[in-house]
Number of protein chains: 2
Amino acid sequence: MSQALAHIVDDDEAIRDALTWLLRTRNVAARTWASAEEFLAGWQPDFHGCIVLDIRMKEMSGLECFDVLLERNNSMPVIFLTGHGDVPMAVSTLKKGAFDFLEKPFDDNALVDVVIRAMETDARKQASQETQATVAGRLAQLTPREQEVMQLVLAGKFNKVIADELNISMRTVEVHRSRVFEKMGVRSAVELAQLLAPGRD
Amino acid sequence: MSQALAHIVDDDEAIRDALTWLLRTRNVAARTWASAEEFLAGWQPDFHGCIVLDIRMKEMSGLECFDVLLERNNSMPVIFLTGHGDVPMAVSTLKKGAFDFLEKPFDDNALVDVVIRAMETDARKQASQETQATVAGRLAQLTPREQEVMQLVLAGKFNKVIADELNISMRTVEVHRSRVFEKMGVRSAVELAQLLAPGRD
DNA sequence: CCCGATATTGTGGTCATCCGCAGTGTGGAA
DNA sequence: TTCCACACTGCGGATGACCACAATATCGGG
């Protein structure tokens, strides 16, 4: 897993350097990309941290880049930078899930704070997505029959009822049930229910 | 419970009338308020629907009104209208949870669509909050001891283990456990776990 | 002082769960 | 064809969950 980085995407080298310097003096690791195309080409699903994205760039704009990232289910927070933004643009990007939208010239401290908060947000999301992925992986290991049985178990039904509904014997249900617990890494139906319905907040 | 309404808050009577007419021709019930103060004074926690809030008003501005609503844990979506907004203002309000931020002059169809989506959003949130409140109410009916036992049951522990940890007999645990199920309106630990850890999404 | 809410415990029994042991049958991959 | 994953089943026993019946004990009000 690659380290958390602030990915700076801007076609102006002076800005890239300035941002990199600014972030590094605050102990935030950064990596730069000279264009949206370059970033999208080098983008890996295991990237994490955040993205600082200039809107006005030659060729592909930051807005278009953002749309591509959305299609790719990018989960990193995106912070837009722009010198010529307008209200509808800001509203639209934020409603699409952008983390923030800053106008140039921006305050150095404000930017660093936003970047740090974005990276913290990503770290939290990352952690929760990993446990989600683990659960999904375990679910995938269940055979179709085991998944059926699991659903009925989660519905709170007795083994006897499950056996009737599936037209199999109770003993078979017990075997499936046991395998489900084993493969899902739990030791009771209660733990299973909690694993598949994690807390809100 | 009062009906879902679009609450229009604007100190310009012409705009209030126009918006009311616009929404009513699309079968959206609306109610108007001539100032932020008037709205805040008349606001009831059981209001639902959405709020269409003008930013520039005499006395209290829409932004200040929004802040008050946030403190009051208002759950209705807020749609800002403004003729003189800027990007930082839009970004700030959206990050604080505003539903949308529209600049005048706005497109009638666009506004109606936003209002309708906001009201749908609120209806969903309302429903989920009601079930949450029901659960909270039932939890409050549990005696302290019952809550303790419930926690341990949710931890997947056997009655025997719970009895040891609380230094009481198994029989007592059974009684508490039974009362918990009864008061919470469930018939198994699995249902209880699902009730207290409702799905995400 | 009596009552209701809360917490506690025991007995004995029924039903559900879990498990080891032992085995059958099927369909696909090597 | 042989091997393996998957589904299926029976038996019997150990353990846990649940419940009706029956009590004791504390505490705060009325």
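Since the model is a prediction, treat every value here as computed from it, not as a measurement. Letters A, B, ... are given to chains in the order of the sequence lines, protein chains preceding strands, and every chain is numbered from 1.
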Enquirer: When you check the phosphate oxygens OP1 and OP2 of C/dA16, does a side-chain N or O of A/Asn159 lie under 4.0 Å from one of them?
Expert: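 Indeed not, no polar side-chain atom of A/Asn159 lies that close.
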Enquirer: So does A/Glu174 reach the base of C/dC19 with its side chain, donor to acceptor, closer than 3.5 Å?
Expert: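 Yes.
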Enquirer: Salt bridge check: are B/Glu182 and B/Arg179 linked by an N-O gap of less than 4.0 Å?
Expert: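 A salt bridge links B/Glu182 with B/Arg179.
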Enquirer: Tell me whether the count of non-hydrogen atoms from other residues, nucleotides or ligands lying under 6.0 Å of CD in A/Gln147 goes above 12.
Expert: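 Yes - once you tally the heavy atoms of other residues, nucleotides and ligands closer than 6.0 Å, there are more than 12.
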Enquirer: Kindly point out which of C/dT9, D/dT9, C/dA16 is positioned nearest to the side chain of B/Ile168?
Expert: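 Between C/dT9, D/dT9, C/dA16, the one nearest the side chain of B/Ile168 would be C/dT9.
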Enquirer: C/dG20 base to A/Arg171 side chain: any donor-acceptor pair below 3.5 Å?
Expert: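 Yes, a donor-acceptor pair under 3.5 Å.
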Enquirer: Whole angstroms only, please: what is the CZ-P distance between A/Arg179 and C/dT17?
Expert: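 Atom CZ in A/Arg179 sits about 19 Å away from atom P in C/dT17.
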Enquirer: So which atom in B/Pro77 and which in B/Asp122 form the shortest heavy-atom distance, rounded to 0.1 Å?
Expert: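 Where B/Pro77 meets B/Asp122 most closely, the heavy atoms are CD-CB, 3.5 Å.
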Enquirer: Please report, rounded to the nearest Å, how far the C1' atom of D/dA7 is from the CD atom of A/Glu146.
Expert: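 Rounding to the nearest Å, CD of A/Glu146 and C1' of D/dA7 are 10 Å apart.
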Enquirer: Take A/Arg187 and B/Arg145, find for each the nucleotide of DNA chain C with the closest heavy atom, and name the residue whose nucleotide sits nearer the 5' end.
Expert: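 Nearest-nucleotide comparison on DNA chain C picks B/Arg145.
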Enquirer: Could you state the atom-to-atom distance from NE2 of B/His176 to P of C/dA5 in whole Å?
Expert: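 Between P of C/dA5 and NE2 of B/His176: 16 Å.
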Enquirer: Once you round it to whole Å, what is the distance between P of C/dC15 and CD1 of A/Ile162?
Expert: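 The distance from CD1 of A/Ile162 to P of C/dC15 comes to 19 Å, rounded to the nearest Å.
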Enquirer: What I'd like to find out is whether the side chain of A/Leu40 reaches to under 4.5 Å of the side chain of A/Arg72, using heavy atoms alone.
Expert: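 The answer is yes, as the side chains (C-beta and beyond) meet within the 4.5 Å cut-off.
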Enquirer: B/Asp164 has an atom CG; how far is it from atom C1' of D/dG16, in whole Å?
Expert: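 B/Asp164 atom CG is separated from D/dG16 atom C1' by 14 Å.
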Enquirer: Are B/Ile55 and B/Met89 side-chain neighbours, meaning at least one heavy-atom pair lies under 4.5 Å?
Expert: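 SC-SC contact between B/Ile55 and B/Met89 confirmed.
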Enquirer: Please state how far atom NZ in A/Lys160 lies from atom C1' in C/dT14, giving the value in whole angstrom units.
Expert: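 Interatomic distance, NZ of A/Lys160 to C1' of C/dT14: 13 Å.
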Enquirer: Please work out if A/Thr143 contacts a base, only the sugar-phosphate, or nothing of the nucleic acid, heavy-atom cut-off 4.0 Å.
Expert: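 Here A/Thr143 touches the backbone only, sparing every base.
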Enquirer: Once you round it to whole Å, what is the distance between P of C/dA5 and CG of B/Leu142?
Expert: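 Distance, rounded to whole Å: 16 Å.
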Enquirer: When you check the phosphate oxygens OP1 and OP2 of C/dT9, does a side-chain N or O of B/Ser169 lie under 4.0 Å from one of them?
Expert: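 For B/Ser169, the contact criterion (side-chain N or O under 4.0 Å from OP1 or OP2 of C/dT9) is met.
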Enquirer: A/Phe181 side chain: which of C/dC18, D/dG16, C/dT8 is closest?
Expert: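 The answer is C/dC18.
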Enquirer: Could you tell me the separation between the CE atom of B/Met170 and the C1' atom of C/dG13, rounded to a whole number of Å?
Expert: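 For the pair B/Met170 CE and C/dG13 C1', the rounded distance is 14 Å.
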